[in-house]
Visitor: 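Can you read through this structure? Questions will come right after.
Start at 1 and go down the list; that is how both ligands and their atoms are numbered. If you're wondering where the values come from, they're calculated on a predicted model, not measured in any experiment.
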Amino acid sequence: MLSAWSLLQFGEGIEHEGQLDMSFSLPWKSFRKAIWIGLALLPAVSWSTLSAATLPAGFVETQFGGNLGGPPTAMAFAPDGRLFVCLQGGQLRVIKNGALLATPFVSLSVNSSSERGLLGIAFDPNFATNQFVYLYYTTSTAPIHNRISRFTANGDVAVPGSETVLVDLENLSAGNHNGGAIHFGPDGKLYAAVGENAVSANAQTLNNRLGKILRLNPNGTIPSDNPFFNTATGANRAIWALGLRNPYTFGFQPGTGRMFINDVGAGSWEEINDGIAGSNYGWPTCEGGCAQPNPNFRNPLFQYGHGSGPTTGCAIVGAAFYNPPVNQFPASYIGKYFFADICSGWIRVFDPSTGAASPFATGVSGPVDLHVGPDGCLYYLARGNGGQVFRVSAVASQPLNISVRSRVGTGNDVMISGFIITAGSAKKVILRGLGPSLQQANVPDPLPDPFLELHAGDGSPISANNNWKDNTPAQQQDIIANQLAPSNDLESAIVATVQPGTYTVIIRGQGNTSGVGLLEVYDVDRTATSRLANISGRASVETGTNVLISGFIVGQNIGAAKVIVRGIGPSLAQSGITNSLADPTLELRDNNGALIIGNDNWQDDPNQETRISESGLAPGNSQESAIAVFLLPGTYTAIVAGKNGGSGVGLVEVYNLP
Ligand SMILES: [Ca+2]
Ligand SMILES: [Ca+2]
Ligand SMILES: [Ca+2]
């Protein structure tokens, strides 16, 4: 479950049984019910917006899960989307569906003096089946030492007595430099970052595990392919890399499996290190890159100096690669690495391809951990104000115009389209009905003379147009000013300012002509608080160029728009359509025509099925198609066709979710 999707709420399906003004000579009733199957008004979800940090233009943040009730140290997303947060004092808190649960997952007895405490969390790669959660914490009873234990989850709490101690590390002297981060690598092994406990010589010896990255089997045993398995002895064979001071955070890049280690420096340099088996990162001989090149040491990929400025600090934390399942941020962030400085309160972005870092956020109150969530947003954990999580998102884009193209027949086979304006202020739209100009796009047999009608959701007529120059001079000027003048005088256009609600558009051939027609709905009022949220198009779906096509442009903001596209056929029978498309297929393509995602039946992919169901947009028939996607600004095309060349009446729907 993706928490962001589960926040969506939908109203009931809408039906319209109003009377049609007979000046529109169409068999109205049989159409309009079919158009609105499943369409629903989408209420905006309002977040309480706090402004703790200063973010780049186009980004916003919201507090996530309420105040944590104690200074936090680390966090991790469970594979099911819950966010688990370690409090230094020993509580593991759970944020579920955006709310902090009252009961901690577990409350450990820990020693939390200085930098000790509950410091790290990881979920087993097979968590869905084994429910294993791993924690790194400082024991409360003498001899004080750090420990890695495994717990078994039962829902939102640990099974009492389920703790299995996997690793007991060396006894501690100093309270600081504990490390504490634990993560599973792409190889299914458990990696742990351990500080040198303020004894710098620990970092360079293979005789203890302090100042190291360790690599373990999930059950705590030591893999025999570890780099020092044959040179170190006993428990020290777990050492995977050495020469670290206080590697408080590290991260693996999804997809590539590349590992970056953030090593907190002493008085001069904070480091981002390339995690490579067997490496020695140089501490304490070198802090930052070695002034005297040393072939035995691996210098950092990036380092920054100490200070209190926008590029300096005193302790690096992180560590989050931007490679999420869905790209909510602009494409320029993909593959970048977020890191933060707990002292200076900023978050910056490191570009592994250039080796340079750039600003992201400032004014964060004591950041200690960063993660990119399953929703593609950046989550940061801050120690200020008693401990808080914030969720940073790029302001979502939205469809700005949507079109439907299909064969337009006569009688019952004209094209019927619907759109929705969400709650908010009235919005000006321009509709176009195109035919002859499709010839320029090499569409054969275009509709020679389109006629366009706009109706309110209750069926009452609002406007009609045969040829766009039939409009008043003022309306024609409006169409021209928006660069939407049709290139052929026989094509149609309507200018309308419409209140939030549902609308229906009909395109047919003047004089009972037929051919391929294109209906377009343009949002020409970007200042309105309402959104053009949906469009549907119902038409006879044939083969070749006569399939049903919807095009849409996503824009206005920098973040991804949340979109669901559906291809409907058999459920149109409920509306009395006897020749519906028996088995629709659906494709979503980008502006280069490249396939983004295709779907035959909406339950084919369990993850897609979950998202679609949670959105309340599950098709009524198992043969029908649906796709749930986040789309960054750009131009997209959805194509509904019949499986194996089938034909019949089909419905394409594009939904923009808030
Ligand atoms: Ca180093
Ligand atoms: Ca016309
Ligand atoms: Ca199908």
Side-chain angles (χ1 to χ4, degrees), residues 196 200 203-204 211-213 241-247 260-266 268-276 279-291 294 296-304 316 408 432-437 446-453 464-471 486 488-494 506-513 515 517-519 541 566-571 580-587 598-605 619-627 639-646 648 650-651:
E196 37 79 302
S200 60
Q204 288 296 328
K212 313 293 179 345
I213 299 289
L242 70 160
L244 295 159
R245 182 178 177 271
N246 187 18
F260 283 0
I261 306 160
N262 298 326
D263 195 14
V264 175
S268 304
W269 296 106
E270 301 301 308
E271 304 179 355
I272 298 174
N273 290 291
D274 208 2
I276 295 173
S279 295
N280 184 331
Y281 296 99
W283 177 255
T285 308
C286 308
E287 183 182 348
C290 294
N294 185 328
N296 298 318
F297 296 154
R298 186 177 296 283
N299 281 339
L301 293 171
F302 180 81
Q303 64 189 55
Y304 64 89
I316 187 172
V408 176
R432 305 203 302 176
L434 305 184
S437 59
L447 188 65
D449 188 357
F451 187 97
L452 196 59
E453 299 171 15
N465 176 261
N466 179 10
N467 302 326
W468 74 277
K469 289 183 176 172
D470 298 343
N471 281 294
N488 188 290
D489 287 353
L490 294 177
E491 295 179 318
S492 318
I494 291 173
I506 298 161
I507 179 170
R508 59 185 169 88
Q510 172 76 354
N512 280 331
T513 52
L518 177 67
L519 166 74
V541 179
R566 309 201 309 176
I568 302 297
S571 22
S580 65
L581 192 62
D583 190 354
T585 64
L586 181 61
E587 292 179 347
N599 177 252
D600 175 5
N601 303 327
W602 68 278
Q603 290 162 307
D604 288 348
D605 176 338
N621 186 286
S622 62
Q623 304 299 303
E624 294 175 326
S625 316
I627 289 168
I639 302 163
V640 175
K643 194 174 181 181
N644 300 324
L651 178 68

Visitor: Could you tell me if the side chain of Leu490 sits less than 4.5 Å from the side chain of Pro448, heavy atoms only?
Guide: no
Visitor: Show the numbers, then the answer: is there a side chain to side chain donor-acceptor pair (under 3.5 Å) between Gln204 and Thr285?
Guide: CA-CA 9 Å; Gln204 288 296 328; Thr285 308; 5.0 Å; no
Visitor: Does the side chain to side chain contact (heavy atoms under 4.5 Å, CB included) test come out yes or no for Lys643 and Asp600, once each step is laid out?
Guide: CA-CA 8 Å; Lys643 194 174 181 181; Asp600 175 5; 2.6 Å; yes
Visitor: Determine, stepwise, if the pair Asn601 / Ser622 fulfils side chain to side chain contact (heavy atoms under 4.5 Å, CB included).
Guide: CA-CA 6 Å; Asn601 303 327; Ser622 62; 5.9 Å; no
Visitor: With the side chain counted from C-beta on, respond yes when Leu452 and Trp468 share a heavy-atom pair under 4.5 Å apart, and no when they do not.
Guide: no
Visitor: Of all N, O or S atoms in Asp583, which has the smallest distance to the Ca ion (ligand 3)?
Guide: OD1
Visitor: Suppose you place the vertex at the Ca ion (ligand 2); what is the angle out to Leu490 O and Asn467 OD1, to 10°?
Guide: 80°
Visitor: Starting from the Ca ion (ligand 2), look over the N/O/S atoms of Asp449 and name the nearest one.
Guide: OD1
Visitor: Once rounded to 10°, what is the value of the angle centred on the Ca ion (ligand 3) between Pro584 O and Gln623 O?
Guide: 100°
Visitor: Could you tell me whether any N, O or S atom belonging to Pro450 is less than 3.0 Å from the Ca ion (ligand 2)?
Guide: yes
Visitor: Does the side chain of Glu270 reach to within under 4.5 Å of the side chain of Val264, using non-hydrogen atoms?
Guide: yes
Visitor: Report whether any nitrogen, oxygen or sulfur of Asn466 sits less than 3.0 Å from the Ca ion (ligand 2) (N, O or S, backbone or side chain).
Guide: yes
Visitor: How wide is the angle at the Ca ion (ligand 3) between OD1 in Asn601 and O in Asp600, to the nearest 10°?
Guide: 80°
Visitor: Any N/O/S atom, side chain or main chain, of Glu287 closer to the Ca ion (ligand 1) than 3.0 Å?
Guide: no
Visitor: A side-chain contact here means heavy atoms from C-beta on lying under 4.5 Å apart; do Ile272 and Pro300 qualify?
Guide: no
Visitor: Flag Tyr281 as yes if one of its N/O/S atoms falls below 3.0 Å of the Ca ion (ligand 1), otherwise no.
Guide: yes
